[in-house]
Amino acid sequence: MMSLGLATLTALVLNAVIALVTKRFDEQGIGVGLASGEYLPLTLLGIMIGTVGWSLIARFAARILRVIVPIALVVSWVPDMLLFQSGATVANVIGLMLMHVVVAAAVVFALRSVKWRSARLPEGVSLVDEPRCSPDAAREAASK
């Protein structure tokens with residue numbers, strides 16, 4: 001999974017850039033989450049949680065990821081929005097929200113082309129070691 005490693009590295013670098021830019025606009029704010037000791041480990045944690053969630057969902061219902069990923073992203077913004085109550089500035093909150101977008105995008109771009117083995121058995125496959133043929137092969141054998 002080299003793409004996941006590259007996506008992780010890219011997310012770490014982009015989040016560092018976002019933190020630096022946000023600090024420039026947040027000079028009078030409290031700067032929550034803008035220290036490298038805060039956002040770097042959380043970026044890694046977000047990538048890990050996103051990867052686990054993606055892999056579990058992709059095995060059962062890959063199409064629903066188009067709905068779940070945006071919902072998870074919006075839900076991840078709730079703690080950021082709550083920082084307004086602690087005195088965070090708009091720049092601080094927007095910076096943190098952008099960091100969440102970076103993490104979500106990294107996971108999506110790294111894992112979207114991965115072919116996950118389905119948890120369901122494919123058509124014509126049995127858990128028992130008895131040979132079974134596909135419906136097409138059965139029709140072909142019946143026509144002979």
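Start at 1 with the first residue, then count along the sequence. Predicted model only: the values in this text are computed from it and were never measured.
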> Given the rule in the side chain to side chain contact (heavy atoms under 4.5 Å, CB included) test, do Ile94 and Thr22 qualify, once you have shown the distances and angles that lead to the verdict?
Replying inline: CA-CA 8 Å; Ile94 289 175; Thr22 301; over 6 Å; no

>> Pair Trp77, Val93 - check side chain to side chain contact (heavy atoms under 4.5 Å, CB included), show working.
In response: CA-CA 9 Å; Trp77 289 340; Val93 171; over 6 Å; no

> After noting the C-alpha distance and the side-chain angles of Val107 and Ile49, does the key distance pass the side chain to side chain contact (heavy atoms under 4.5 Å, CB included) rule?
Replying inline: CA-CA 9 Å; Val107 172; Ile49 290 170; over 6 Å; no

>> Applying side chain to side chain contact (heavy atoms under 4.5 Å, CB included) to Met99 and Leu34, what does each step give before you reach the verdict?
In response: CA-CA 10 Å; Met99 289 179 177; Leu34 300 178; 4.2 Å; yes

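Residue Ser76 comes nearest to Asp80 through the heavy atom pair O-OD2, 3.9 Å, listed as atom of the first residue, atom of the second, then distance. Across all non-hydrogen atoms, the minimal contact from Ala106 to Ile47 is CB-CD1, 3.8 Å. In this structure, Ser36 and Pro41 approach most closely via the heavy-atom pair O-CD, 3.6 Å. The nearest pair of heavy atoms linking Pro70 to Val67 is CD-O, 3.3 Å. Residues Leu96 and Gly33 share a closest heavy-atom pair of CD2-O, 3.8 Å.
Note on Val52: it does not cluster hydrophobically with Leu65, by side-chain heavy-atom contacts below 4.5 Å among ILVMFWY residues. With hydrophobic clusters built from ILVMFWY side chains whose heavy atoms lie under 4.5 angstrom apart, Met48 shares a cluster with Leu42. Val74 is not connected to Ile64 by any chain of hydrophobic side-chain contacts under 4.5 Å among Ile, Leu, Val, Met, Phe, Trp and Tyr, and they are in different clusters. One hydrophobic cluster, built from ILVMFWY side chains closer than 4.5 Å, holds both Val101 and Tyr39. Leu83 and Val90 end up in the same hydrophobic cluster when Ile, Leu, Val, Met, Phe, Trp and Tyr side chains are linked at under 4.5 Å.
Atom CG of Leu14 and atom CG of Leu98 lie 10.5 Å apart (nearest 0.5 Å). Distance check, rounded to the nearest 0.5 Å: CD1 of Ile18 to NZ of Lys23 gives 13.0 Å. The CG atom of Leu56 sits 10.5 Å away from the OG1 atom of Thr51 when rounded to the nearest 0.5 Å.
Between Val103 and Leu73 the shortest side-chain heavy-atom distance does not fall below 4.5 Å. Taking 4.5 Å as the limit, some side-chain heavy atom of Ile30 sits within range of a side-chain heavy atom of Ser86.
Using modelled atom types, one side-chain atom of Asn92 and one backbone atom of Val32 make a donor-acceptor pair closer than 3.5 Å.
Summarising the local packing, CZ of Phe25 is surrounded by 12 or fewer heavy atoms from other residues, nucleotides or ligands at distances under 6.0 Å.
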